[in-house]
**Student:** 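Handing you this structure, nothing more for now.
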Amino acid sequence: MRTREYVLLLGAERFLRERAFSGAKEATGLPVWAATKDAVRDRNRTFDEMLSADPRDPDSLLAAIRARSTQGWHPRVIVPFDDWTVASANHVNRALGLTGLDTATVTNTRDKYAMKQALLAAGVRTPRSELVQSDEELLAAVERIGLPVVIKPYDFGGSVGVVLATTREEALRCLAESKAIVARHGVDYRIRGDKYLVEQYVDSDNEVSVEVLCGAGRAQALAVTEKYLSPPPWFAEVAHLVPSHRAGDRALTDLAERTCVALGIDRGISHVEIKFAADGTAWVIEAAARPAGDLVMDQVERAYSVSPYRLHVGSYLGADLLDVARDAVPGKSSAIAYLQAPPGRIQDIRAGKQLPPEVRSLSISANLGDLSQVTRNNLTLGEGFIELEWDRLFEEKTGLPIEVARKVADQIFVVGDAIGG
């Protein structure tokens, strides 16, 4: 029987990651496969083939992979594209004798408390934190750390269950809210959600992410992304602009690179989130051993004319592409911003109106009768999104992504009373 190889991407079949396919094709030329629980009813036709397997469940993946191996198909490597598939991809790679992340690295990037300890041990500045389970432990941690504090699940992502508390009473309510969200979504995302992080709050809305290509003991920043957050007490990312005006800050990119090395990330694109305090001090909030979500990678590709997905997959295949990341130069600014209708019941959607010239694409996810609510996390990101583009680079932080998104949302959505509809 003729042996044939393919590359299996996990998490790339999800909405907003379509460019992962073309990046993988560019990196390898092999057939590019993905996985979903039911490849008959939920088939993504972008890919060359789909496995019927849960991409977050290594046992399910191994069974499907071995079944196809009897037909002569063998994976060259399994590549994760989101938080929920980092562990499963690593497990399957190891089980099949393929290359993957070190097990300690997976722990350090999925367990936020372990991450903090690894960063502190390497001398990387990160907010003080403690791990709690009960209300009593929470209040004791608040006493030691000092208010305000951020409360978050230690093994979730996407700002889900992340809330700011300014009083002891708020802290108790926030922990209960975070636990309720985990109870609602934990099974789907295969997280334990049994512990929560109480973290020192860096009081600032100046936040960036650094997209870093990692190698063995080395790392190279590719792009710096400006992040726009929903108002406190929540931390949803409602817009991203590439490149940030801080892209040339070598101290910043060096900090992000040292973060990846400290966590042992030795392949693929990593996503490092950094906040700047009022005095300009940079604090590493957290890092992930996978590319950014929310179409950030598409904006990087558009601004830099380099596919970060190609670099991510190529790195997993063993190619040394750090020079490509180092030499990438932005030629324009590109952004994604989520559309937020005013709170209330959506009565009309007027999508045919003239859009501002910087709008490159528009996607509306809301329907008539939907209830628009304040964005709290990345599971509830408004009523759609727009992609924006400017043929210039910004020298300071601009509010344009938010301003244009608000203007477009106001002209598209007609909202009535939240109760009466």
Side-chain angles (χ1 to χ4, degrees), residues 83-84 86-87 90 101-134 137-165 171 174-175 178-179 181-182 189 191-204 206-210 212 214 219 227 229 234-235 237 251-266 270-277 281-290 292 377-378:
D83 283 326
W84 330 119
V86 169
N90 193 64
L101 294 167
D102 186 81
T103 302
T105 299
V106 175
T107 298
N108 287 342
T109 54
R110 292 297 301 124
D111 179 330
K112 294 179 182 180
Y113 184 72
M115 178 189 302
K116 299 286 186 181
Q117 303 316 300
L119 293 178
L120 290 171
V124 175
R125 185 184 296 108
T126 189
R128 180 184 175 190
S129 63
E130 294 191 26
L131 207 56
V132 305
Q133 290 179 293
S134 66
E137 291 175 344
L138 166 68
L139 293 177
V142 167
E143 193 69 29
R144 287 187 290 268
I145 294 173
L147 291 163
V149 295
V150 177
I151 297 170
K152 61 177 76 171
Y154 78 115
D155 59 348
F156 218 152
S159 301
V160 179
V162 182
V163 193
L164 173 66
C174 290
L175 179 59
S178 191
K179 286 183 174 182
I181 290 175
V182 167
Y189 289 91
I191 64 167
R192 294 185 296 276
D194 56 327
K195 300 174 185 176
Y196 296 79
L197 211 61
V198 181
E199 184 176 284
Q200 171 191 355
Y201 177 51
V202 180
D203 189 1
S204 169
N206 289 319
E207 183 171 348
V208 300
S209 63
V210 185
V212 183
C214 300
K227 297 161 72 79
L229 306 179
W234 300 291
F235 299 89
E237 298 165 4
L252 166 65
T253 53
D254 178 69
L255 176 61
E257 291 163 5
R258 287 194 293 114
T259 295
C260 294
V261 173
L263 296 176
I265 307 172
D266 62 359
S270 177
H271 178 66
V272 183
E273 298 179 343
I274 297 174
K275 258 194 171 186
F276 292 89
T281 302
W283 294 80
V284 175
I285 303 303
E286 55 190 57
R290 47 78 181 166
N377 56 61
N378 286 23

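Nothing fancy with the numbering, it's 1 onward along the sequence.
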**Student:** Go through the steps to decide whether K195 and V132 satisfy the test side chain to side chain contact (heavy atoms under 4.5 Å, CB included), and finish with yes or no.
**Tutor:** CA-CA 6 Å; K195 300 174 185 176; V132 305; over 6 Å; no

**Student:** Between D266 and D102, is there a side-chain heavy-atom distance shorter than 4.5 Å?
**Tutor:**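 When only atoms from C-beta onward are counted, D266 and D102 do not touch, as no gap falls below 4.5 Å.
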
**Student:** Would you call T126 and L120 a side-chain contact if the rule is heavy atoms closer than 4.5 Å?
**Tutor:**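 Sidechains of L120 and T126: in contact.
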
**Student:** Is any side-chain heavy atom of F276 closer than 4.5 Å to a side-chain heavy atom of L252?
**Tutor:**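 Yes, side chains in contact.
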
**Student:** Nearest heavy-atom pair of S204 and A277: which atoms, and what distance?
**Tutor:**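 Reported closest heavy-atom pair: CB-CA, 4.3 Å.
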
**Student:** To the nearest 0.5 angstrom, please state how far the OH atom of Y154 sits from the CG atom of L197.
**Tutor:**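 Going from the OH atom of Y154 to the CG atom of L197 covers 10.5 Å.
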
**Student:** Considering only NZ, NE, NH1 and NH2 on the basic side and carboxylate oxygens on the acidic side, decide whether E286 and R110 come within less than 4.0 Å.
**Tutor:**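 Salt bridge absent between E286 and R110.
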
**Student:** Taking all heavy atoms of Y196 and all of L175, pick out the closest pair and write down the distance.
**Tutor:**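 Answer, listing the atom of Y196 first, then L175: CG-CD1, 3.7 Å.
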
**Student:** Among residues at least two apart in sequence or on other chains, which ones pass side chain to side chain contact (heavy atoms under 4.5 Å, CB included) with A289?
**Tutor:**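 A289 satisfies side chain to side chain contact (heavy atoms under 4.5 Å, CB included) with L101, T109, I265 once adjacent residues are dropped.
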
**Student:** Do I274 and E207 have side-chain heavy atoms sitting under 4.5 Å apart?
**Tutor:**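 I274 does not reach E207 side chain to side chain.
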
**Student:** When you check the side-chain N and O atoms of S129 and K116, is any donor under 3.5 Å from an acceptor?
**Tutor:**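 Their side chains do not contain a donor-acceptor pair, so the 3.5 Å distance test is not met.
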
**Student:** With the side chain counted from C-beta on, respond yes when R258 and V261 share a heavy-atom pair under 4.5 Å apart, and no when they do not.
**Tutor:**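 SC-SC contact between R258 and V261 ruled out.
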
**Student:** Search all heavy atoms of V272 against all heavy atoms of V212 and return the closest pair with its distance.
**Tutor:**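 Shortest heavy-atom separation between V272 and V212 comes out as CG2-CG2, 4.2 Å.
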
**Student:** Would you sort out whether T281 and R125 count as a side chain to side chain contact (heavy atoms under 4.5 Å, CB included), showing the intermediate values?
**Tutor:** CA-CA 9 Å; T281 302; R125 185 184 296 108; 3.4 Å; yes

**Student:** Would you say that E143 contacts L139 through its side chain, given a criterion of any heavy-atom pair below 4.5 Å between the two side chains?
**Tutor:**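 Side-chain contact under 4.5 Å: no.
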
**Student:** Ignoring hydrogens, what is the shortest heavy-atom contact between C174 and I151? Give both atom names and the distance.
**Tutor:**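 Taking every non-hydrogen atom into account, CB-CD1, 3.8 Å.
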
**Student:** Would you say E137's side chain and Q133's backbone share a donor-acceptor pair under 3.5 angstrom?
**Tutor:**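 Between the backbone of Q133 and the side chain of E137 there is a qualifying donor-acceptor contact (under 3.5 Å).
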
**Student:** Where is the tightest heavy-atom contact between L164 and V149, given as atom of each residue plus distance?
**Tutor:**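 Minimum heavy-atom contact is CD1-O, 3.4 Å.
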
**Student:** Should E199 and R128 count as an ion pair when the cut-off is N to O under 4.0 Å?
**Tutor:**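 Answer for the salt bridge query: no.
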
**Student:** I need the C214 SG to E257 CD distance, nearest 0.5 Å.
**Tutor:**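 If we round to the nearest 0.5 Å, C214:SG and E257:CD are 9.0 Å apart.
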
**Student:** Which pair of heavy atoms, one from K227 and one from V208, lies closest together, and at what distance?
**Tutor:**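 So the two residues come closest at CD-C, 3.3 Å.
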
**Student:** Are any of the side-chain heavy atoms of I145 and E130 separated by less than 4.5 Å?
**Tutor:**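 Yes - at least one pair of side-chain heavy atoms lies under 4.5 Å apart.
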
**Student:** Sequence neighbours excluded, which residues qualify as side chain to side chain donor-acceptor pair (under 3.5 Å) partners of Q200?
**Tutor:**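 For Q200, no residue satisfies side chain to side chain donor-acceptor pair (under 3.5 Å) once neighbours in sequence are set aside.
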
**Student:** How long is the straight-line distance from CG of L119 back to CG of L263, given to the nearest 0.5 Å?
**Tutor:**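 Nearest 0.5 Å value for the CG-CG distance: 4.5 Å.
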
**Student:** Within a strict 4.5 Å, meaning less than it, do heavy atoms of the N206 and K275 side chains meet?
**Tutor:**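 The answer is no; the side chains never approach within 4.5 Å.
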
**Student:** Spell out, as yes or no, whether a donor-acceptor pair under 3.5 Å connects the side chain of T105 to the backbone of G264.
**Tutor:**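 Side chain of T105 to backbone of G264, a donor-acceptor pair under 3.5 Å: yes, one is there.
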
